[in-house]
Number of protein chains: 2
Amino acid sequence: MELGDSAAVPATTTAATGPASSTRERILDIALDLFVRKGYAETSLREIAAELGFSKAALYYHFESKQHILLALHLRLHGLTEGVLPLLEDGASAGDTWERLVDRLIDIALQNRRLIELHVRNREAFAALNRDAAIEKHGVLQHKNDDVEGLFRALLSDPSVPTEWRVRMLASLGAVGGVLLAADALAGVPDAELASALRAVVHDVLGNRPA
Amino acid sequence: MELGDSAAVPATTTAATGPASSTRERILDIALDLFVRKGYAETSLREIAAELGFSKAALYYHFESKQHILLALHLRLHGLTEGVLPLLEDGASAGDTWERLVDRLIDIALQNRRLIELHVRNREAFAALNRDAAIEKHGVLQHKNDDVEGLFRALLSDPSVPTEWRVRMLASLGAVGGVLLAADALAGVPDAELASALRAVVHDVLGNRPA
DNA sequence: GTCTATATTTCGATAGAC
DNA sequence: GTCTATCGAAATATAGAC
């Protein structure tokens with residue numbers, strides 16, 4: 001199985017909550033669920049296979065390795081965040097661009113909670129993906145517009161931006177992430193209410209940009 | 001390496017202190033570093049032992065199991081957060097109590113970054129600790145004042161508190177956590193500057209409590 | 001307290017039948 | 001596409017010498 005063609009298509013067409021059309025997507029849905037609940041390293045292929053109803057070996061018909069399953073899930077998020085790349089590249093730390101960026105991220109995050117949780121809770125596993133030459137070499141990653149996290153990091157590390165403003169940019173992201181991660185404490189609250197409350201918080205955090 | 005543990009004696013100079021606890025604390029320091037950098041599940045006892053300079057089997061003289069090492073690190077955080085328990089028990093969602101609580105947490109978090117990171121990045125490993133009967137039975141946990149996280153959860157889940165205020169409480173915690181987790185983007189910024197910037201953000205988030 | 005083994009388990013991954 | 005069976009590696013944990 002070649003990653004180059006087969007993995008790119010579902011990444012752009014499938015939402016995290018989408019129905020499990022193909023076996024491949026069913027595997028990803030189950031894996032996403034288990035990776036979030038138990039962590040990537042603590043989840044064995046045997047468990048994934050058991051939940052799917054077939055044997056562990058069958059997974060290898062659809063995915064080259066366990067890491068390639070994780071990679072496919074990363075590509076799902078990649079597809080979701082593609083839309084904010086223009087904002088990032090234009091220097092989102094200027095003016096009110098950052099607030100508009102976070103506004104869009106709030107919607108994306110609320111509609112794809114589990115995918116966000118996956119990335120927040122398994123940082124190291126994704127970092128290992130990037131480190132692993134055997135994964136990179138297949139050429140699915142490493143496109144110029146793939147490194148959304150790198151663009152964020154560059155913006156937040158820019159020393160020409162005042163420290164207090166960088167803290168506020170980071171804090172706005174953390175506020176969204178924190179509410180998302182502890183979303184079970186807010187169970188029953190409609191997404192729309194959560195979104196507007198979050199937007200109000202973000203606006204207060206970013207309201208007064210220092211000179 | 002940077003240590004900020006209040007309860008335990010730092011392991012760097014261990015001439016006068018008890019020799020038995022010295023190695024034990026050194027193990028914990030190394031384990032904390034590796035668990036944060038690589039994750040709990042991805043860190044083997046062999047790696048910990050190698051960094052300490054002795055063999056893997058020697059660890060079992062000091063700790064009953066790998067999970068007991070993690071438990072000891074949890075108890076370090078437990079000691080740090082004991083001071084805020086009165087605020088939590090008195091109902092921190094009222095008035096400006098929450099802001100005072102977060103103010104204190106900011107200092108604790110900044111002085112013990114790695115310990116905070118450990119808990120944020122290895123949530124599932126700690127959850128497994130609580131699930132595992134073999135660990136609980138030893139009676140180290142399960143005291144009534146041990147469940148700081150439970151008290152937080154209870155406060156944030158309280159339906160009698162307006163949703164917008166609960167979001168703001170959560171967001172203030174997320175802001176602190178977010179800045180801490182991405183602290184490498186703010187490398188070089190003194191802790192004092194970080195703390196005051198964070199306090200300003202938290203104040204803006206919590207400034208106007210809804211009726 | 002630390003060592004050298006080794007027991008035991010689990011995992012990711014492969015081979016080959018169907 | 002899925003199966004059974006198994007390999008090899010690595011992990012936790014134990015046993016016993018020093």
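- The residues B:Arg76 and B:Glu25 are annotated as salt-bridged, a charged nitrogen and a carboxylate oxygen being separated by less than 4.0 angstrom.
- Put simply, NZ on B:Lys66 is 22 Å from P on C:dT8, counting in whole angstrom units.
- With D:dT4, D:dT2, C:dG12 as the choices, the nucleotide that has an atom nearest any side-chain atom of A:His62 turns out to be D:dT2.
- Straight-line distance from the CD atom of B:Glu64 to the P atom of D:dA13: 9 Å, rounded to whole Å.
- Rounded to an integer number of Å, the gap from A:Phe63 CZ to C:dT14 P is 15 Å.
- Taking each heavy atom of B:Trp165 and B:Ser93 in turn, the nearest pair found is NE1-O, 3.2 Å.
- Within a heavy-atom distance below 4.0 Å of DNA chain C, the residues of residues 39-47 of chain A found are A:Thr43, A:Ser44, A:Leu45.
- One atom, OH of B:Tyr60, and another, C1' of D:dA15, lie 14 Å apart when rounded to the nearest Å.
- The rotation axes computed at either terminus of the helix from C:dG1-D:dC18 to C:dC18-D:dG1 lie 0° apart, taking five pairs at each end and rounding to 10 degrees.
- The phosphate of C:dG1 has OP1 or OP2 within less than 4.0 Å of a side-chain N or O from B:Tyr61.
- Atom CZ of B:Arg46 is surrounded by 12 or fewer heavy atoms from other residues, nucleotides or ligands within 6.0 Å.
- Phosphate contact (OP1/OP2 of D:dC3, side-chain N/O of A:Ser55, threshold under 4.0 Å): present.
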B:Arg121 vs B:Phe35, side-chain contact (heavy atoms from CB on, under 4.5 Å): CA-CA, chis, key distance, verdict: CA-CA 9 Å; B:Arg121 292 193 179 167; B:Phe35 288 170; over 6 Å; no

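- Note on A:Asp191 versus A:Arg113: salt bridge recorded, some NZ/NE/NH1/NH2 to OD/OE distance being below 4.0 Å.
- Each of D:dT2, D:dT14, C:dG12 was ranked by its minimum atom distance to the side chain of A:Phe54; first place goes to D:dT2.
- Within the 4.5 Å cutoff, the side chain of B:Leu118 has no heavy atoms near those of the B:Leu77 side chain.
- Between A:Asp158 and A:Arg166 no salt bridge is recorded (no basic side-chain N to carboxylate O distance below 4.0 Å).
- No side-chain heavy atom of B:Leu52 sits less than 4.5 Å from a side-chain heavy atom of B:Thr23.
- In this structure, B:Asp29 does not pair ionically with B:Arg114, as no charged nitrogen and carboxylate oxygen lie closer than 4.0 Å.
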